[in-house]
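These notes concern the structure reproduced below.
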Amino acid sequence: MSPQNISDAEQAYRNLGVTPIINASGSVTRLGGSRTRPEVLEQMAGTARVMVNIDELNRKAGEEIARLVGSEAAMVSSGAAGGLLLQAAACIAGSDPVKMQRLPETEGMKNEIIMQTTHRFPYDHAYRAAGAKIVEIGNYLFNHPWELEGAINERTAAVAYLCAPFTSKRVMPLAQVCEIAHAHDVPVIVDAASMLPPRANLQRYLRDGADMVIFSGGKGVRGPQGTGILCGRADLIDAALANASPAQFIGRSAKVAKEEIVGLVTALSMFVEEDEQAEMAWYRSMAQRVVDSLIEVPGLNITLEHDGIDYLLPNAVLRLGGDWSGPSAQQVAAALQQGDPPIYLQQLRAPDELMVDPLNVTEDEIDVIIRRLREALTGTT
């Protein structure tokens, strides 16, 4: 995209009174998600002007996505949250139109979804929106196999599992959860919205035994921001499709446009073919520039972190504790957000930590981030 086009694009937001920002916080939805691939935008612009049968498009796109991710079946959902809604609907009502029509009223159905306490998160509201009742097991420190065994009963629709950075490492492993649940013929549904890349995760959770997995179609895939990749067991994906738009059931409000469906297939095709090692080298070089530029700030502990689990991309991590005597992490973050342009850093982990995630940062922007961080940390340019 040329500088002129970037300027025109920013002006469209400014005309609405919205200020463009620098997003160094990763693929955060409230900060715009990710930069959509130019090839995807071009594909969407063309396909938006062509009429097709959406049921046929859903099926054919699902077949191609299943081929790309190596699952029995797949479909495009309305973001990852829309995928959670359809996971719950599929497990509670299946493809039974009588039950589907009743959702979210689930009295008398299998409507309980079991979750480990450390996996409770705001997005599980999407499960409850389908009529699920969340049953927690364990506590904030420990989760035991016998607790899962004891929670499964005739009302259990599914066991939900969250895969996300910085979730507790004390939880039961997914493979163990699947083994216990499957012994009782209970499906396991996984939210892995933010876990791409690494690309190996496309098969990892299914290999561990998960029955349905949702990934964001935006975020690291950099497809349309309002899409999700729902993949897994063919019968459950069929049930999710039955509950989804264009059918007039609970998923109707979570509609995905035809051009978004094609855009996601395009983005995913590009994503799986890319050189991940080269991609990570680029992100590492961006994060390393931040580390190298600020490493001599007295008292600041700054490192480059990348483990593919908590730090999915190379991140520059600033720890403002120990010998640090300057402003707090909250004060530094506030100073950057209040500047021009506003800069948002990642604050996902400890209260005294800030992270620069390079996913959505350009080379020009990384220089701005470094300069503004130095000003906020030291009061000098």
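Paired with Leu312 under the rule side-chain contact (heavy atoms from CB on, under 4.5 Å), one option of Lys219, Met195, Met280, His306 passes, and it is Met195.
A donor and an acceptor atom, one from each side chain of Tyr127 and Gln87, are located under 3.5 Å apart. Side chains of Glu147 and Asn143: a donor-acceptor N/O pair is absent below 3.5 angstrom, by distance only.
Here side chain to side chain donor-acceptor pair (under 3.5 Å) pairs that include residues 44-59, with residues two or more places apart or in two chains, number zero. Sorted by first then second residue, the side chain to side chain donor-acceptor pair (under 3.5 Å) pairs that include residues 65-79, not counting sequence neighbours, are Glu64-Arg67. For residues 150-206, the pairs satisfying ring-ring contact (aromatic ring centres under 6.0 Å, His included) are His119-Tyr161, Phe166-Tyr311, with sequence neighbours left out. The side chain to side chain donor-acceptor pair (under 3.5 Å) pairs that include a residue from residues 315-325 are Thr303-Arg319, Glu305-Arg319, Arg319-Glu353, where partners are two or more places apart or lie in different chains.
A distance of 10.5 Å separates CG in Asp352 from CG in Leu318, rounded to the nearest 0.5 Å. Distance check: Asn201 CG to Leu196 CG gives 6.0 Å after rounding to the nearest 0.5 Å. Atoms SG and CG, from Cys178 and Leu206 in turn, are 9.5 Å apart once rounded to the nearest 0.5 Å. Here the straight-line distance linking atom CG of Leu300 with atom CG of Leu294 works out to 6.5 Å at 0.5 Å rounding. The line from CD of Gln248 to CG of Asn243 is 13.0 Å long, rounded to the nearest 0.5 Å.
Remark: Arg199 qualifies as a cation-pi partner of Phe271 under the 6.0 Å distance and 45° angle criteria applied to the six-membered ring.
Under the rule for a side-chain contact (heavy atoms from CB on, under 4.5 Å), the partners of Thr167 that lie at least two apart in sequence or sit in another chain are Leu162, Ala164. For Ala90, the side-chain contact (heavy atoms from CB on, under 4.5 Å) test picks out Met212, Ala239, Ala240, with sequence neighbours left out.
Ionic pairing of Arg102 and Glu107 is not present here: no N-O contact between side-chain nitrogen and carboxylate oxygen is shorter than 4.0 angstrom. Ion pair Lys133/Glu112 not flagged as a salt bridge, since none of the NZ, NE, NH1 or NH2 atoms sits closer than 4.0 Å to an Asp/Glu carboxylate oxygen. Ion pair Lys255/Glu260 not flagged as a salt bridge, since none of the NZ, NE, NH1 or NH2 atoms sits closer than 4.0 Å to an Asp/Glu carboxylate oxygen. Here Arg284 does not pair with Glu279 in a salt bridge; the nearest charged N to carboxylate O distance is not below 4.0 Å. Taking a cutoff of 4.0 Å between a charged side-chain nitrogen and a carboxylate oxygen, Asp238 and Arg233 do not qualify as a salt bridge. Between Asp124 and Arg120 a salt bridge is recorded (basic side-chain N to carboxylate O distance below 4.0 Å).
More than 12 heavy atoms of other residues, nucleotides or ligands lie within 6.0 Å of CD in Glu39, so this atom counts as buried by the packing criterion. Counting non-hydrogen atoms of neighbouring residues, nucleotides and ligands closer than 6.0 angstrom, the OH atom of Tyr13 reaches no more than 12 such neighbours.
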